Each structure stands twice: as structure tokens, then as C-alpha cells.
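What follows is a short report on a single structure.
Start at 1 with the first residue, then count along the sequence. Just so we're clear, the structure is a prediction, and the values are computed from it rather than from any experiment.
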Amino acid sequence: MSYRVLSCIPPQHRTEKDKLDWLYSTAKQHRPDLFVTPQEFLGGVYIMPGKKAYARDELLPKVLKLCKTFDMAMTFGVVEVEGGKNYERIWFLDPEKGLQGHITKFALPRYDHVKAKGYGDITPETNFENRFRVFTLKGARVAGMFCWEVYSNILWTGLALAQPDLVVSLIKFGSMAWPLIQNGPDGRKEISGFGVASGHDNWIERLEVASKWQVRCPIVVSTNSWDLPARSQPCCGTVRGIVDEPTLYTPPKGRGTPKLAEPKVVVDEFDLNHIRGLRLNKFAYADLVGVFPPWKLVQYTMLLKVGRMEREMIGDELIGQRRAGREGKLAKRVAKLPTEVREFF
């Protein structure tokens, strides 16, 4: 059950037309099943101050047309205006079924947060339950994460119970970049520039922990470059789960004069049955994929057992389907037995 996912560090265009043109040419070249844009791919006060938020009906038809043209799903980062308020969102788009829903960012920096008098005028999500959501895009169960929300333990736990096949992690700019904040002419918070941190990047470590121990599925990352140096560490590609090798790309940091991050596209091929089977056990994996899983799965036996117990406790429908399937097979076998024997079943 092959599934092609495209993640990226796109060139830093500053107009809607240039950005949509880049999406079109990239989709045409690579033909993914799922195209993962960075956060705030369109809108936002820093890159697009003249158009910092979009009404849904003025942008959605254009993005859906792209999806239909290339028969691809998208997770699209946008600042959306609704009811006179701006929201940082990810749209989950299917080429046949259209917009499947959205999620809204809750962890806002002060230069965006409306309550902190940020120029972004963005209102955060305040109901955690709205974030424990999974959307079906071309047959894959996809969940989403914004930027430094990766440090939320509650969010990862909730998504783990939702059993996604993939989690997309949309980032604004490099994880080692730090925005410099100043008060604008009217006292509102704005970005005046960027510094770059040094030392260990525990952001990536957090994604690795989440992929391996919590959601137990691949996490696909896309990041804007925002014309920052390579050492700001924008990234794209995939942090893999239990037994798979990662494809996460970060640009070489270099020495001396900072080198701007170059555009980058990573296309990963996933087997959705492989991902689902690795959450269960070697026998379920063999049923789904046709072969037994890699030997490395053995070291996660206790993790898988606890996961099964968790799913049974919350009434996971996949567990119910598998149990019903076993009961159905048993019923067929019993039906073939002599009448006097059937009474014992």
C-alpha cells in the first residue's frame, strides 16, 4: 500500500502567485500522494505583511484545484481570517472529498498572539480536544502539529490514542533561529530580525522521541527558510518510528559567512500497512504486509503489548474489526462441524 509524501524547505517567495506557482511545478515534477507545506505558507505578518490572513473562500478553491489537477492530498499551512479574527491553521485537503477539516495552533509566540499585542493579531486555539484529530487523506490517517508545539506531552499522547498513520509537523523557520522582538511605532510586538542559537538542537530529539515512543509512526516535517542562514537549521523529510531509518534533512551549517538555506524537496515512499503493522505485533504485521517484520521489532515487545491493552481500553475500532474477523472465521469453521459438536460452541 504505497504512499508518496513530499516535504520541503521551499524557496522563500513573498507573493501568493509565486508560492502557488512553485507548488504547481513541484507537484507536477514529483507527483506525490500527499504534499506537506510548511506552516504559514501563505499569510503571516513577517513574510506577507500586505496579506497576513486569508478568507477561506478566496484561497481554498485555488488550493483544491491544485489537489485535483495532480490527484494529491495536501496539508496546507495558512493564516485564516474567520469571524473577524485571524487563526494559524493547517488545512487537510483530499483531491476527491475536498477540505476534510483543519486544526488551529494553540502555542503562539508573542509577536503573533493577539493578547500580547502582537502584529500578527492571531487568536489561539483554546480547546485541546479540537487538536486530537486525524483526517483521512487518500486513504492515510493524517494528524498535524505546529512548530514548537512538539514540546507538548499532552498533545502527543492524545494523537497517539487517535492512531494516525502519519503526523505532519509544520514549522515556520529553522529550529535554531531566534526572532528578535521589538516594539513597533504603536507599541505592538514585531520581529526586527533573527539570531541563531548554538549548541544541541533538542527539537529534533523531541520529534524522535514522539515518533518512536508515543505516536509510533513517521513524522513528516516541512519548514520555511525565511532567508535565514543554513545554521538556523530548517528541516524537511521524515523522522521515522520504531525500526525505520530517518530521512530528515537539515542543511550543512558551514563556517564563516553564513550560507542561506537552499530549497530542498524530500519525497518518501511509505507502506501504510507496514506502519500499521509495526504498532501491533509480528503476526498482525505478517497479515498486513505478507512477511514477518524486521527482527528489531522484538525489542519493542512490551511497548506493543501495552499499546494493545490501551487500544482495547479505549475501544479502538481496529481492535474490534480484527476481533470480529476472528469470530467470523470461527463461525465458518463451526458451521462445518457435525450438529452434536456445534452445541459446544
Lys68 and Glu96: CA distance, side-chain angles, deciding distance, salt bridge (charged side-chain N to carboxylate O under 4.0 Å, His left out) verdict: CA-CA 7 Å; Lys68 291 181 180 294; Glu96 295 298 324; 5.4 Å; no
Audit row: Phe70, Tyr24, ring pair (Phe, Tyr, Trp, His ring centres under 6.0 Å) steps and yes/no: CA-CA 9 Å; Phe70 298 107; Tyr24 183 95; 5.0 Å; yes
Stepwise side-chain contact (heavy atoms from CB on, under 4.5 Å) check, Val167 with Cys217: CA-CA 7 Å; Val167 176; Cys217 72; 3.9 Å; yes
Worked check of side-chain contact (heavy atoms from CB on, under 4.5 Å) between Ile9 and Phe173: CA-CA 9 Å; Ile9 305 171; Phe173 48 82; over 6 Å; no
Verdict with supporting geometry, Arg131 and Phe146, side-chain contact (heavy atoms from CB on, under 4.5 Å): CA-CA 11 Å; Arg131 294 297 307 276; Phe146 295 89; 3.7 Å; yes
Test log, rule side-chain contact (heavy atoms from CB on, under 4.5 Å), inputs Leu93 and Leu137: CA-CA 7 Å; Leu93 307 167; Leu137 306 180; 5.8 Å; no
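Distance alone, capped at 3.5 Å, is enough to place a donor-acceptor pair between the Glu149 side chain and the Ala107 backbone. Between the side chain of Lys52 and the backbone N or O of Tyr119 there is at least one donor-acceptor pair closer than 3.5 Å. Using modelled atom types, no side-chain atom of Arg216 and backbone atom of Arg276 make a donor-acceptor pair closer than 3.5 Å. Between the side chain of Ser192 and the backbone N or O of Leu180, at least one donor-acceptor pair lies under 3.5 Å. Within the 3.5 Å criterion, the main-chain N or O of His102 finds a donor-acceptor partner in the side chain of Arg133. The closest donor-acceptor contact from the side chain of His13 to the backbone of Thr15 lies at 3.5 Å or more, if one exists at all. Here the side chain of Ser222 pairs a donor or acceptor atom with the backbone of Val36 at under 3.5 angstrom. In this structure, the side chain of Arg141 does not engage the main chain of Val134 through any donor-acceptor pair within 3.5 Å. In this structure, Glu58 contributes its side chain and Ala55 its backbone to a donor-acceptor pair below 3.5 Å. Using a distance-only test at 3.5 Å, with no hydrogens or angles considered, a donor-acceptor pair links the side chain of Arg4 to the main chain of His30.
Taking the side chain as every heavy atom from C-beta outward, Ile219 and Thr238 never approach each other to under 4.5 Å. Looking at heavy atoms from C-beta onward, Trp203 lies in side-chain contact with Val150 at the 4.5 angstrom threshold. Side-chain contact between Gln299 and Ile242: absent, with no pair of heavy atoms (C-beta onward) separated by less than 4.5 Å. Looking only at side-chain heavy atoms (C-beta outward), Arg188 and Gln182 stay at 4.5 Å or farther from each other. Between Val79 and Val45, every side-chain heavy-atom pair lies at or beyond the 4.5 Å cut-off. Within the 4.5 Å cutoff, side-chain heavy atoms of Glu40 are placed close to those of Asp112. Between Val267 and Val5, the closest side-chain pair of non-hydrogen atoms is not below 4.5 Å.
Listed here is the closest heavy atom pair of Tyr285 and Gly277: CD1-C, 3.6 Å. Nearest heavy atoms, Arg110 versus Lys189: O-CB, 3.9 Å. Here the closest non-hydrogen pair linking Ser169 and Leu207 is OG-CD2, 4.2 Å. When all heavy atoms are compared, the tightest approach of Ala230 to Pro251 is O-CG, 3.7 Å. Closest non-hydrogen pair, Trp178 versus Val196, comes out as CD1-C, 4.4 Å. Annotation for Arg240 and Ser211: closest pair O-OG, 2.7 Å, computed over non-hydrogen atoms.
Judged by distance alone, the side chains of Gln233 and Ser175 never bring a donor and an acceptor atom under 3.5 Å apart. Defined by atom type and a distance below 3.5 Å, a donor-acceptor pair is missing between the side-chain atoms of Tyr54 and Asn86. With no hydrogens or angles considered, a side-chain donor-acceptor pair links Tyr151 and Asn202 at under 3.5 Å.
Using a 4.0 Å cut-off between charged side-chain N and carboxylate O, Lys105 and Glu125 make no salt bridge. Ionic pairing of Asp57 and Lys62 is not present here: no N-O contact between side-chain nitrogen and carboxylate oxygen is shorter than 4.0 angstrom. Under a 4.0 Å N-O distance rule, the pair Lys115/Asp121 does not qualify as a salt bridge. A salt bridge does not link Arg14 with Asp18: none of the charged nitrogens is closer than 4.0 Å to a carboxylate oxygen.
Of the candidates Val266, Thr37, Leu34, Leu170, Ser7 forms a side chain to side chain contact (heavy atoms under 4.5 Å, CB included) with just one, namely Val266. Each of Pro234, Ser225, Pro38, Pro263 was evaluated against Pro10; a single residue qualifies, Pro38, per the side chain to side chain contact (heavy atoms under 4.5 Å, CB included) test.
Under a cut-off of 6.0 angstrom, the local environment of CD in Glu129 is sparse, with at most 12 non-hydrogen atoms contributed by other residues, nucleotides or ligands. Counting heavy-atom neighbours within 6.0 Å of Lys85 NZ, excluding the residue itself, gives a total of 12 or less. Other residues, nucleotides and ligands contribute over 12 non-hydrogen atoms within 6.0 Å of the NZ atom of Lys138. Annotation: Lys282, atom NZ; neighbour count of heavy atoms from other residues, nucleotides and ligands within 6.0 Å does not exceed 12.
A continuous path of Ile, Leu, Val, Met, Phe, Trp and Tyr side chains, each step under 4.5 Å between heavy atoms, connects Val291 with Leu304, placing both in one hydrophobic cluster.
Between the CG atom in Leu280 and the CZ atom in Arg308 there is a gap of 10.5 Å [rounded to 0.5 Å]. Rounded to the nearest 0.5 Å, atoms NZ (Lys19) and CG (Leu23) are 9.0 Å apart. For the atom pair CG (Leu64) and CG (Leu99), the distance works out to 7.0 Å, reported to the nearest 0.5 Å. Taking CD of Glu190 as the start and CD1 of Ile181 as the end, the distance is 9.0 Å to the nearest 0.5 Å. Thr157 OG1 to Glu310 CD: the interatomic distance, rounded to the nearest 0.5 Å, is 9.0 Å. Once rounded to the nearest 0.5 Å, the distance linking CD1 of Ile191 with CD1 of Ile47 reads 8.5 Å.
Aromatic ring pairs are classed by plane angle as parallel below 30°, tilted from 30° to 60° and perpendicular above 60°; the pair Trp22 and Phe41 is tilted. Note: Trp91 and Phe76 have parallel aromatic rings, judged against thresholds of 30 and 60 degrees for the angle between ring planes.
For Tyr46 and Phe194, the ring centers are positioned less than 6.0 Å apart. In this structure, Phe106 has its ring center under 6.0 Å from that of Phe128.
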